[in-house]
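Heads up, the thing below is written out as structure tokens.
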Amino acid sequence: MPVQSNVIFADLAKKRFQYVSDLSIYTETLVDGRLLVAGFQDNGITIYELSDLLDKPSFDLIIDGESLYFGWEFADFVSMEDDIGNVHGTLTLTNTIKPIALKITTSCCGFGFFKRAIEITNLSEEATIGLTSMTPMKGCIWNITDNLADNLRDASVSPYSVGRFKDLYWSHEGNFDWQDIPVNTGVFFQSTFGMSGHSSPFFVLRNNMNGGYFVCQMGWSANWKTAFFADYFNDGRLPMKVNLNFEIMPVTPAPARLIAPGETLHAPVVHFGMSHADLDTAIQGLHAHLRKSVLRKVGDGLQPVIYNQSGYMQPGYKQPKMSEEGLKREADIAAALGAELLMVDAGWYGENGQEGTDWGNTTGDWYPADGLPNDLFPVFDYARSIGLKVGLWVEVETAGSKSKLAEAHPDWFLHKYGSKFDRVLDLAKPQVRAFVESEIIRLVETYKLDMFRLDYNSSSNDGGFNVEDGRHENTHWKHVEAIYDIFERVGKRFPNLQLENCASGGGRTDVGIVSRFTTTWVSDWFKMPRTVRILNGMSMALPPEYVNRSTGIESAYAGNLDTQMHVIIMGHPTLFGITPSLEQANPAIMDTTRKYIEIYKSFIRTFHRTAKVYHHTPVIPGADGSGWAALEYVSEDRKKAVVAVFRLMNTEDNVYTLKFRGLNKKVSYRVVVEPEGTEFSLQGYALSRDGLEIRMDTALTSQLIMLTETD
């Protein structure tokens, strides 16, 4: 790993602060009571002070309806280096208008990336204040004036574009695309379901004139908004200019949060970075930053292959009810396929009746259903006896209408507009928060779980409201605080516990919640070809080892089996419903599945967590995915690599030329191509310059190419 250059230069006399992360420099200055964005550089060259921008605040804070982006006085600035080499600068400001103090910590994290965290403290000894809204990061990323008339070509060229996930709905996660930002026209994106998904507060800005990329994402698991404005000035006299302004913020009805006297509130953390190389380098910098400084891992960090019990025992599909015998049968299948962890999914709890199909209405009663008279202990003991770890699905933030919990505590639910909001528990209430945490701990300890899967299948939209100090405080902010705090404590209490994040698939994929977990369901749509696009897009916002992809009954009806397996082993693989039983198993399916699970464990997983990701096809068009898709992962030392090339729908020809991007051009590689099993050797230079001709004559097929450096 190259040496990281993380430095802070603070001129306390001028109140000017420069944060350096490798070749990226972020500069701020406190002028006339405003903390301003003075400039961003992506080439390591420090700007002159006289070149500072002096009109773009770096944040906005509205308290009780009054904007406080101004009126700030300097109180303190301290810096420190942590044990992983990140350098943190904390600027303390006090406000002259309201009794508010801010601690603004900007961390230089290497790889061209920074982390921004803001603490808001109510200094009043008596009065509660209301947070109307908070924009933790905003500013001007680029400011172009040189030869603008010629380069802009009479506004026929959009100077800037934004890359984002353009779909907001379930099953369409990860649909990355570019959108031009027209001059003097605002563009914004947001979520509305009460969660961060099924999109994500993640974007990539591209400078179409001078080049360069700016990557940003926010850790916030409720509604959010990103906005962009290309400010184009031309009055025929002064020099023309075109600036790109951006902001990222949580969106919550006001008051979003009441802050008691002396209380400190944490704003959503923002991660941002720059690169003037290419999109791959920008995304690799993000992944390296997240892996080093943000994301949680357990033990050696290697992700276990999961076998999910649902499939041929899936509640709601009139399959056989959950039983001890059936779960042991699923464990046998998991072991036979080379899986490492048996996940017991929805339907194991509550009074589910003889068919075990009412899983959604009995959440909250986290005790075994009548089909499991001996509890889950015999199942988990059996799974462990055949070499499997065990996990359990729990939707702990909800209580179904038929649950005993709902009957006993109707006041524990979200309330809005004068009525109860079904299923969603109100974690803004201390007693509910305490119950949820105690249930998680009880279940982990009772069953000695190796993995706890958190699901969340409800959309609270704009949240609920609780009356506090005569005001209707929205619940979103406190709910997010609660779930973050709970899993921070759970992770520390059980340091070897794998934590899996799911929210109706990809409902919560922001780095705020993902950082508390070890793997994430980025979507629960697994059908071809859209599953490829989901993997392709979501492996931009998150490193691929955190991106759960699955295959099994129903999801695998389209596309050949090799292709289904190629998708999941490029992410974090989960299997389900491969066969009803070992006695009924198709030998060809079992052999193929076992082969690719072994490839994942013995080859891909050995460098997955540190791999550089190259998106050969960052944009995959079409309703479900058209054309070709190619993903390349290369080990940090460039001795290993794997590429999956997928032929999706509506391709114009049968050939795709794959030119490798991350190889060492000076060495030779042994190349293995699956499913055909071909093996040969080629120079890295030839693989990069000339590439390989990938030929497939039918849709929804793929090839997996594995490379290992030879002596």
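Nothing here was measured: the structure is a model prediction, and the numbers come from that model. Along the sequence shown, residues are numbered consecutively beginning with 1.
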Should the pair [X] and [Y] be assigned to parallel (<30°), tilted (30 to 60°) or perpendicular (>60°) ring geometry?
X	Y	value
Tyr447	Phe380	perpendicular
Phe228	Phe203	perpendicular
Phe526	Phe576	tilted
Phe246	Phe214	tilted
Trp412	His409	parallel

Short side-chain to backbone donor-acceptor contact, [X] and [Y], under 3.5 Å:
X	Y	result
Arg533	Gly622	yes
Tyr456	Asn501	no
Trp224	Ser196	yes
His415	Phe413	yes
Asp64	Gly130	yes
Asn223	Gly194	yes
Thr518	Leu499	yes

To the closest 0.5 Å, what do you measure between [atom1] ([X]) and [atom2] ([Y])?
X	Y	atom1	atom2	result
Leu68	Ile63	CG	CD1	6.0 Å
Ser515	Arg296	OG	CZ	10.5 Å
Thr362	Leu405	OG1	CG	11.5 Å
His572	Leu535	NE2	CG	13.5 Å
Ile129	Asn122	CD1	CG	4.0 Å

By side-chain hydrogen bond (donor to acceptor under 3.5 Å, both in side chains), which residues pair with [X], not counting sequence neighbours?
X	answer
Asp411	none
Ser171	Arg530
Arg291	Glu545

Item to check | Pairwise salt bridge (charged side-chain N to carboxylate O under 4.0 Å, His left out) hits with a residue in residues 515-529, at least two apart | outcome: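 Checked against salt bridge (charged side-chain N to carboxylate O under 4.0 Å, His left out) - neighbours excluded - the pairs reaching residues 515-529 are Glu488-Arg516.
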
Next on the checklist: If the threshold is 4.0 Å, N to carboxylate O, is there a salt bridge linking Glu395 and Arg423?
Outcome noted: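 Salt bridge: yes.
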
Next on the checklist: Between Glu481 and Lys478, does any side-chain N to carboxylate O distance fall below 4.0 Å?
Outcome noted: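 Between Lys478 and Glu481 there is no salt bridge, as every charged N stays at least 4.0 Å from the carboxylate O atoms.
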
Contacts of type side-chain contact (heavy atoms from CB on, under 4.5 Å), residue [X], not counting sequence neighbours:
X	answer
Asp462	Pro253, Lys416, Tyr417
Gln179	Val162, Arg164, Val187, Phe189
Ala117	Val269
Asp422	Lys420

Item to check | Candidate pair Trp366 and Thr446, rule side chain to side chain contact (heavy atoms under 4.5 Å, CB included), full reasoning | outcome: CA-CA 12 Å; Trp366 303 115; Thr446 297; over 6 Å; no

Item to check | Residues in salt bridge (charged side-chain N to carboxylate O under 4.0 Å, His left out) contact with Asp177, at least two apart in sequence or another chain | outcome: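 For Asp177 the salt bridge (charged side-chain N to carboxylate O under 4.0 Å, His left out) partners, ignoring immediate neighbours, are Lys166.
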
Checklist entry - Can you name the salt bridge (charged side-chain N to carboxylate O under 4.0 Å, His left out) partners of Arg453, sequence neighbours left out? => result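 Listed in chain order: Asp345, Glu500.
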
Item to check | Pairs satisfying side chain to side chain donor-acceptor pair (under 3.5 Å), at least one member in residues 262-273, at least two apart | outcome: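 Those involving residues 262-273 are Thr121-Thr264, Arg257-Glu263, His271-His289.
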
Checklist entry - What side chain to side chain donor-acceptor pair (under 3.5 Å) pairs are there with at least one residue in residues 127-136, not counting sequence neighbours? => result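 As it turns out, the side chain to side chain donor-acceptor pair (under 3.5 Å) pairs with a partner in residues 127-136, which skip direct neighbours, are Thr128-Asp469.
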
